[in-house]
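Quick caveat: nothing in here was measured; it's all calculated off a predicted structure.
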Amino acid sequence: MAVEHHQRDPFCDVAVGTLAAEFSGRVSRRIVQQTVADARLDLEGRVQPEALAEMLHRLAQHRLDAMITGRT
């Protein structure tokens, strides 16, 4: 499972914490975890390591927002 694969990834931990607080009451923490894990897998090998934390947060945030608003 993707969530378990990146469970110990510090970038994922930070993104989940921040996004879970931001989307609290709108999506469950479990959905945030899965969205972050999926975004992490999609970004792996595609962005520079120094940009990974920011890109991970932005991609997961975009996907969560799209999920809530119905936008793609």
Side-chain angles (χ1 to χ4, degrees):
M1 178 177 270
V3 171
E4 293 171 2
H5 176 69
H6 290 291
Q7 190 172 26
R8 294 187 182 101
D9 183 326
F11 296 134
C12 287
D13 292 342
V14 170
V16 167
T18 303
L19 293 169
E22 181 179 340
F23 288 91
S24 178
R26 295 183 284 169
V27 293
S28 70
R29 185 175 185 88
R30 179 78 177 139
I31 296 295
V32 172
Q33 289 172 324
Q34 187 62 56
T35 302
V36 169
D38 290 346
R40 176 67 172 87
L41 288 173
D42 290 345
L43 291 172
E44 196 161 325
R46 295 177 180 250
V47 297
Q48 296 297 319
E50 60 272 8
L52 183 58
E54 182 176 353
M55 293 301 293
L56 175 60
H57 182 270
R58 288 181 183 220
L59 179 57
Q61 183 181 44
H62 171 75
R63 289 178 176 177
L64 290 165
D65 185 54
M67 188 183 309
I68 290 169
T69 62
R71 290 182 289 152
T72 57

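- Once rounded to the nearest 0.5 Å, the distance linking CZ of F11 with NE2 of H57 reads 13.5 Å.
- In this structure, CG on L56 lies 11.0 Å from CD on E44, to the nearest 0.5 angstrom.
- Using a 4.5 Å cut-off between side-chain heavy atoms of Ile, Leu, Val, Met, Phe, Trp and Tyr, with links allowed through other members, V27 and V14 fall into different hydrophobic clusters.
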**Working for side-chain contact (heavy atoms from CB on, under 4.5 Å), residues M67 and L64** = CA-CA 5 Å; M67 188 183 309; L64 290 165; 4.1 Å; yes

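- Hydrophobic cluster membership differs between L41 and V32, with clusters built from Ile, Leu, Val, Met, Phe, Trp and Tyr side chains linked at under 4.5 angstrom.
- Side-chain contact check for D42 versus R63: some heavy-atom pair is nearer than 4.5 Å.
- Of the inter-residue distances, the one linking R40 atom CZ with L59 atom CG reads 12.0 Å to the nearest 0.5 angstrom.
- Annotation for R29 and V16: closest pair NH2-CG1, 3.6 Å, computed over non-hydrogen atoms.
- Closest approach of A60 to L19, counting heavy atoms only: CB-CD1, 3.6 Å.
- Q34 and D38 form a side-chain donor-acceptor contact under 3.5 Å, judged by distance and modelled atom types alone.
- Contact check on R26 versus D65 returns no salt bridge, with no Lys/Arg side-chain nitrogen under 4.0 Å from an Asp/Glu carboxylate oxygen.
- To the nearest 0.5 Å, atoms CE (M55) and CG (L43) are separated by 6.0 Å.
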